[in-house]
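Some notes on the structure that comes next.
Labels below follow one simple rule: chain letters A, B, ... track the order of the sequence lines, proteins then strands, and each chain is numbered from 1. The structure displayed is predicted, hence computed values, not measured ones.
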Number of protein chains: 2
Amino acid sequence: MFLGRHAHAVDAKGRMAVPARFRDALADGLVLTRGIDRCLALYPMAAWRPLAEKIDALPISDPDARTFRRLVFAEAVDLTLDTQGRILLPPELRAYAGIDRDALVVGVHTSVEIWSPERWASVSAALDDDGAEVAQRLASLI
Amino acid sequence: MFLGRHAHAVDAKGRMAVPARFRDALADGLVLTRGIDRCLALYPMAAWRPLAEKIDALPISDPDARTFRRLVFAEAVDLTLDTQGRILLPPELRAYAGIDRDALVVGVHTSVEIWSPERWASVSAALDDDGAEVAQRLASLI
DNA sequence: GGGAAAGTGGGGACAAGTGGGGTCCCCGGT
DNA sequence: ACCGGGGACCCCACTTGTCCCCACTTTCCC
């Protein structure tokens, strides 16, 4: 289970530390790819496999499905943690997410998202100050 | 079952003691996150899991649902009690709830809320003044 | 009022995060 | 085939933060 928002630095070599409490779940490999809303999505290998099969099963006749398939698969890379528990973010993916020097590693229960701080701020601004709105959404969606 | 209101200090390291009678129910982990009305919400792991499952099931095709999902999980932290029965309140969550030196730990049956004394005072003052009115509005719900 | 449990606070060990340096290997050029 | 450049990865060092342990104080309950 991935939780929390962790600010981490990307060093000159493009490496970024993965929060220590996430590492066990990622020890046997992970897949990093483009996520929705211009973030990066990181899946433990065990979670990636069924997800890939689902996406693969989308009808090829549907234009949106084709686009989505390309979004996910075209830039996907499988990585392993290095001996310091870091991953190397490929330049294309960093560019896609607008990540430069700093990044936010966000646990989203079953997967992990990586955000540029600026984009994250714009996403969270909508609900940040308004707890009541969160509550209403909770009530209506659940 | 959590009941009662307990005043506790937050020390210089951000640690806060959990009332002794709450500890058994929190022994196998807990999740701390933002609560409604600028308090912090603390769930025993057993209560958190079904809640997380529900949120996880929200459709990723809906942008609002994606944002909601991200914020709920991103602002949550999973903690364990230290050997003294304390938890470490992350600085972001303390800032969100306006908790500095002192905090109120409030049992609300299935979960626990943590308040800054000032905010609690203003909320409970409102309840003192309008208690009868609030009760009337709620009458239809019970 | 006395003892035990709970709460509070500080010191220190250890792990996590960060960044730099060095080495091996692949690959392309001579 | 050999050499040189670049990238990926490992190792090491330093800094920061977390957590354990110990000690003291306060509160609660006999």
Can any side-chain N or O of [X] pair as donor or acceptor with the backbone N or O of [Y] at less than 3.5 Å?
{"X": "Thr33(A)", "Y": "Val72(A)", "value": "yes"}
{"X": "Arg70(B)", "Y": "Val108(A)", "value": "no"}
{"X": "His8(B)", "Y": "Met16(B)", "value": "no"}
{"X": "Arg5(A)", "Y": "Ala74(B)", "value": "no"}
{"X": "Arg119(A)", "Y": "Ala97(A)", "value": "yes"}

Which is more 5' along DNA chain D, the nucleotide nearest Lys13(A) or the one nearest Pro91(B)? Just name the residue. Lys13(A)
5'-most contact on DNA chain D: Gln84(A) or Arg21(A), nearest heavy atom basis? Gln84(A)
Which residue pairs satisfy the side chain to side chain donor-acceptor pair (under 3.5 Å) criterion with at least one member in residues 95-105 of chain A, sequence neighbours excluded? none
Starting from the first five and the last five pairs of the helix from dG1(C)-dC30(D) to dT30(C)-dA1(D), work out the angle between the resulting helix axes, to 10 degrees. 30°
Under 4.0 Å from a heavy atom of chain B: give me the 5'-most and 3'-most nucleotides of DNA chain D that qualify. dT18(D) to dC22(D)
Between Tyr43(A) and Trp48(A), what is the ring plane arrangement, given parallel below 30°, perpendicular above 60°, and tilted in between?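 Plane angle between 30° and 60°, so tilted.
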Residue whose closest nucleotide on DNA chain C lies nearer the 5' end, Arg101(A) versus Asp11(B): Asp11(B)
Quick check: on DNA chain C, is the nucleotide nearest Gly85(B) upstream (toward 5') of the one nearest Val10(A), or the reverse? Name the residue that is more 5'. Gly85(B)
Heavy-atom side-chain contact between Leu89(A) and Ile114(A) under 4.5 Å: yes
Does any non-hydrogen side-chain atom of Val77(B) lie less than 4.5 Å from one of Arg21(A)? yes
Base, sugar-phosphate or nothing for Val18(A)? Non-hydrogen atoms, less than 4.0 Å.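 Touches sugar-phosphate only.
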Testing Arg69(A), Arg66(A), Arg49(A) for salt bridge (charged side-chain N to carboxylate O under 4.0 Å, His left out) with Asp56(A), which one passes?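 With Asp56(A) as partner, salt bridge (charged side-chain N to carboxylate O under 4.0 Å, His left out) holds for just one option, Arg69(A).
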Candidate pair Ile99(A) and Leu40(A), rule side-chain contact (heavy atoms from CB on, under 4.5 Å), full reasoning: CA-CA 10 Å; Ile99(A) 292 169; Leu40(A) 303 182; 4.1 Å; yes
Using a 6.0 Å cut-off, check whether atom CD of Glu53(B) has over 12 heavy atoms from anything other than its own residue. yes
Does anyone know the first and last nucleotide of DNA chain C in reach of chain A, 5' to 3', at under 4.0 angstrom to a heavy atom? dA16(C) to dG22(C)
Using the test side chain to side chain donor-acceptor pair (under 3.5 Å), find all partners of Arg15(B) that sit at least two apart in sequence or belong to another chain. Asp11(B)
Which of residues 24-33 of chain B sit near DNA chain D, with a heavy atom under 4.0 Å from it? none
